[in-house]
Amino acid sequence: MTRTSTCVYHLFVLSWYIFLNFYISREGEDPRKSQIFLNGGQWKYLTFLNLVLQAIFFGVACLEDVLKRTKGKKDIKFVTAFRDLLFTTLAFPISTFVFLSFWILFLYDRELVYPKALDNIFPVWLNHGMHTFILPFSLAEVILRPHCYPLRKKGLTLLAAACLAYVSRVLWIYSETGTWVYPVFAKLSPGGLAAFFSLSYIFTIGIYLFGEKLNHWKWGDTMQPRKKRK
């Protein structure tokens, strides 16, 4: 794909995520739908946080596309490095985790994550916009552009910090309201919760390493993690 086509693609995906975030924020104003966002608002759901994250990433990708055409690669190294760090440590792992964890639980027992009653509140296309299309967009990004992965220790540390921040918020919301963000958590014992969160993090690490392998498979050794020189 040419540089212009890639720029157009990034702009399209950015517009899509902006539209989704705007649509969902307007839906929250509906009294019937706003009940879903009680006790923490829409930002208690990883799904919605991921939509914002994807909008930010593709916004940075669009900015990098424009600056690369106007200033050249050498003058925008910081923007390119930030784009790569954002995608490799957060945007790809989290979007893939949301896709896989949602559909695995949905197919096992949808009441654990997306009760059937929500079908009468949110249209089907919105469910797929939040939980399905996010993976193809992330995979397409791997194919379209090379991304320089950070040192593995750094990348996994940043991912761990993001995971810990979200789990802390989930536990804080429960301590303040007595209500779990997702129904599946209410069915688990304290030990089960600890195991669930631990396994989820291990799963996310696997996704991170998978993304690193995909990047290497597509772009070769030139985009391998940087190593410090002695």
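Owing to the predicted nature of the structure, the values given are computational and were not obtained by experimental measurement. Heavy atoms only: backbone and side chains are in, while hydrogens, waters and symmetry mates are out.
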Scanning both residues in full, the closest heavy-atom pair of F22 with S25 reads O-OG, 2.6 Å
Nearest heavy-atom pair of F87 and S138: which atoms, and what distance? CZ-O, 3.6 Å
Tell me, do V98 and M130 make a side-chain contact under 4.5 Å, heavy atoms counted? no
Can a donor-acceptor pair be found, under 3.5 Å and without considering hydrogens, that links the side chain of T80 to the backbone of K77? no
Nearest-0.5 Å distance that lies between atom CG in L46 and atom OG in S200: 10.0 Å
Taking the side chain as C-beta and beyond, is there a heavy-atom pair between R169 and V181 under 4.5 Å? no
Pairwise side-chain contact, E64 with F82, heavy-atom cut-off 4.5 Å (strictly under): no
Do K218 and I143 touch side chain to side chain, with heavy atoms closer than 4.5 Å? yes
Side-chain touch F197/Y166, heavy atoms, less than 4.5 angstrom: no
All heavy atoms of L85 vs all of P150, minimum pair found to be CD1-CG, 3.9 Å
Taking G211's backbone N and O only, do any of them form a donor-acceptor pair with N215's side chain (distance below 3.5 Å, no angle check)? no
Within-4.5 Å side-chain heavy-atom neighbours: V52 and W43: yes
Quick one: are the ring centres of F122 and Y23 less than 6.0 Å apart? no
I need the I134 CD1 to L51 CG distance, nearest 0.5 Å. 7.0 Å
P93 and L159 have their tightest heavy-atom pair at CB-CD1, 4.2 Å
With side chain to side chain contact (heavy atoms under 4.5 Å, CB included) as the test, would you mind laying out the steps for I173 and T179 before giving the verdict? CA-CA 7 Å; I173 290 174; T179 303; 6.0 Å; no
To check you understand the geometry: which heavy-atom pair defines the closest contact between Y182 and T47, and what is its length? OH-N, 4.0 Å
Set out, in order, the CA-CA distance, both residues' side-chain angles and the distance that settles salt bridge (Lys or Arg N to Asp or Glu O under 4.0 Å) for R145 and D65, then state yes or no. CA-CA 11 Å; R145 283 284 179 87; D65 289 336; 2.7 Å; yes
Distance in Å, L112 CG paired with I104 CD1, rounded so as to fall on 0.5 Å steps: 13.0 Å
Please report the interatomic distance OH(Y149) to CH2(W219), rounded to the nearest 0.5 Å. 13.5 Å
Once you round to the nearest 0.5 Å, how far does CG of L156 lie from OG1 of T89? 9.5 Å
One pair to check against ring-ring contact (aromatic ring centres under 6.0 Å, His included): F92 and Y208. What are the steps and the verdict? CA-CA 8 Å; F92 180 81; Y208 176 92; 9.1 Å; no
Does a side-chain heavy-atom distance below 4.5 Å link F102 with T132? no
With heavy-atom distances below 4.5 Å as the criterion, would you say the side chains of F203 and L100 are in contact? yes
Heavy-atom neighbours of F19 CZ exceed 12 at 6.0 Å: yes
Determine, step by step, whether L20 and Q54 satisfy the side chain to side chain contact (heavy atoms under 4.5 Å, CB included) criterion, reporting the C-alpha distance in whole Å, the side-chain angles of both residues, the deciding distance to 0.1 Å, and the verdict. CA-CA 11 Å; L20 280 183; Q54 299 304 317; over 6 Å; no
Flag the pair R110 and D119 as a salt bridge only when some basic side-chain nitrogen lies within less than 4.0 angstrom of an acidic carboxylate oxygen. yes
Quick one: are the ring centres of F57 and Y17 less than 6.0 Å apart? no
Would you say the side-chain atoms of S175 pair up with the backbone N or O of W172, donor to acceptor, closer than 3.5 Å? yes
When rounded to the nearest 0.5 Å, the distance separating CG of L86 from OG1 of T88 is 8.0 Å
Quick check: does any side chain N or O of W103 sit under 3.5 Å from a backbone N or O of H131, one acting as donor and the other as acceptor? yes
